[in-house]
Amino acid sequence: MSTIFDKIISREIPADIIYEDEQVLAFKDIAPKAPVHYLIIPKQPIATLNDANPEHQALLGHMMLTAAKLAKEAGVAEGGYRVQMNCNPDGGQVVYHIHLHLMGGRAFCA
């Protein structure tokens, strides 16, 4: 099943893309919860974290390292930032294509 993220990857719908490489795409969230709020998505569709398996280990690590790189570039690494992945309805997942939320530029509650 095609998701909005698949359509962003294929450029069927626009997004404010800030980073792209052969494995991932990152863009600004359309409803930001922080001054810096990016979504980092793999180009390979994986519906939920529960669907990931050992063959996805390098991709998942690449997503995390991309988040750290983008946090540095956005100037929020030193002060701190949040990286979050939601899984399934009770976890707050809305789009069933795994993605990281990178949020920074403000303090977060513990």
Side-chain angles (χ1 to χ4, degrees):
M1 179 165 86
S2 184
T3 69
I4 191 169
F5 292 166
D6 295 313
K7 292 176 181 175
I8 290 171
I9 292 166
S10 67
R11 306 302 200 270
E12 291 176 54
I13 60 174
D16 191 353
I17 296 170
I18 56 159
Y19 178 81
E20 182 175 16
D21 64 27
E22 49 295 326
Q23 297 181 73
V24 299
L25 185 74
F27 52 92
K28 293 182 179 179
D29 193 294
I30 61 169
K33 306 287 190 254
V36 171
H37 189 167
Y38 302 152
L39 299 180
I40 302 161
I41 64 173
K43 290 183 175 179
Q44 176 182 355
I46 304 166
T48 75
L49 188 55
N50 292 339
D51 298 305
N53 58 55
E55 77 179 43
H56 299 119
Q57 184 173 346
L59 175 60
L60 295 170
H62 182 69
M63 290 173 67
M64 294 297 286
L65 293 176
T66 299
K69 169 187 166 62
L70 295 176
K72 289 175 191 164
E73 290 176 2
V76 298
E78 189 71 26
Y81 56 96
R82 176 176 284 179
V83 177
Q84 176 177 313
M85 182 182 288
N86 303 329
C87 185
N88 283 324
D90 287 352
Q93 187 174 8
V94 177
V95 178
Y96 285 82
H97 182 129
I98 63 169
H99 53 286
L100 294 178
H101 292 262
L102 166 61
M103 296 173 281
R106 71 170 177 86
F108 293 93
C109 297

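From N53, atom CG reaches atom CG of L60 across 9.0 Å, with rounding to the nearest 0.5 Å. We find the CD1-CD1 distance between I13 and I4 to be 4.0 Å, quoted to the nearest 0.5 Å.
Not a single donor-acceptor pair under 3.5 Å links the side chain of R106 to the backbone N or O of G104. Side chain of D21 to backbone of Q23: a donor-acceptor contact under 3.5 angstrom is found. Side chain of Q44 to backbone of I46: no donor-acceptor contact under 3.5 angstrom is found. Judged by distance alone, with hydrogens and angles left aside, the side-chain atoms of Q57 form no donor-acceptor pair with the main-chain N or O of A52 at under 3.5 Å. Counting only distance, with no hydrogens or angles, the side chain of E12 and the backbone of K7 share no donor-acceptor pair below 3.5 Å.
Cluster membership for L100 and I9, using ILVMFWY side-chain heavy atoms within less than 4.5 angstrom, is not shared. V24 and Y81 end up in the same hydrophobic cluster when Ile, Leu, Val, Met, Phe, Trp and Tyr side chains are linked at under 4.5 Å. Clustering ILVMFWY residues whenever any of their side-chain heavy atoms sit less than 4.5 angstrom apart, transitively, puts I98 in a cluster other than the one holding V95. The hydrophobic clustering, which links ILVMFWY residues whose side-chain heavy atoms are closer than 4.5 Å, places M85 and M64 together.
A pairwise comparison of heavy atoms in A15 and I8 identifies CB-CG2, 3.7 Å as the closest pair. Summarising the geometry of H97 relative to H99, their closest heavy-atom pair is O-ND1, 2.8 Å, with the distance given to 0.1 Å. Between D6 and P45, the shortest heavy-atom distance links the atoms OD1-CB, 4.2 Å. Heavy atoms only, all atoms of each residue included: A34 and F108 are closest at CB-CZ, 4.0 Å. Shortest non-hydrogen contact noted between P42 and L59 is CB-CD2, 3.7 Å. For the pair A67 and L102, the tightest heavy-atom approach, listed with the atom from each and the gap, is O-CD2, 3.6 Å.
For H56 and D51, the side-chain atoms include no donor-acceptor pair closer than 3.5 Å.
Side-chain contact between Q93 and T48: present, with at least one pair of heavy atoms (C-beta onward) separated by less than 4.5 Å. Side-chain contact check for D29 versus M103: every heavy-atom pair is 4.5 Å or farther apart.
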Practice prompt. Determine, step by step, whether I40 and H62 satisfy the side-chain contact (heavy atoms from CB on, under 4.5 Å) criterion, reporting the C-alpha distance in whole Å, the side-chain angles of both residues, the deciding distance to 0.1 Å, and the verdict.
Written response: CA-CA 10 Å; I40 302 161; H62 182 69; over 6 Å; no
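Here ring pair (Phe, Tyr, Trp, His ring centres under 6.0 Å) pairs that include residues 8-44, with residues two or more places apart or in two chains, are F5-F27, H37-H101. Residue pairs satisfying the salt bridge (Lys or Arg N to Asp or Glu O under 4.0 Å) criterion with at least one member in residues 33-45, sequence neighbours excluded, are listed as follows: E20-K43.
At most 12 non-hydrogen atoms from other residues, nucleotides or ligands lie less than 6.0 angstrom from CG of D90.
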Under 3.5 Å, side-chain donor or acceptor atoms of residues 70-79 against the rest of the protein: list the pairs with distances, not counting sequence neighbours.
unit_1 : atom_1 : unit_2 : atom_2 : d
E73    : OE2    : K69    : NZ     : 2.9

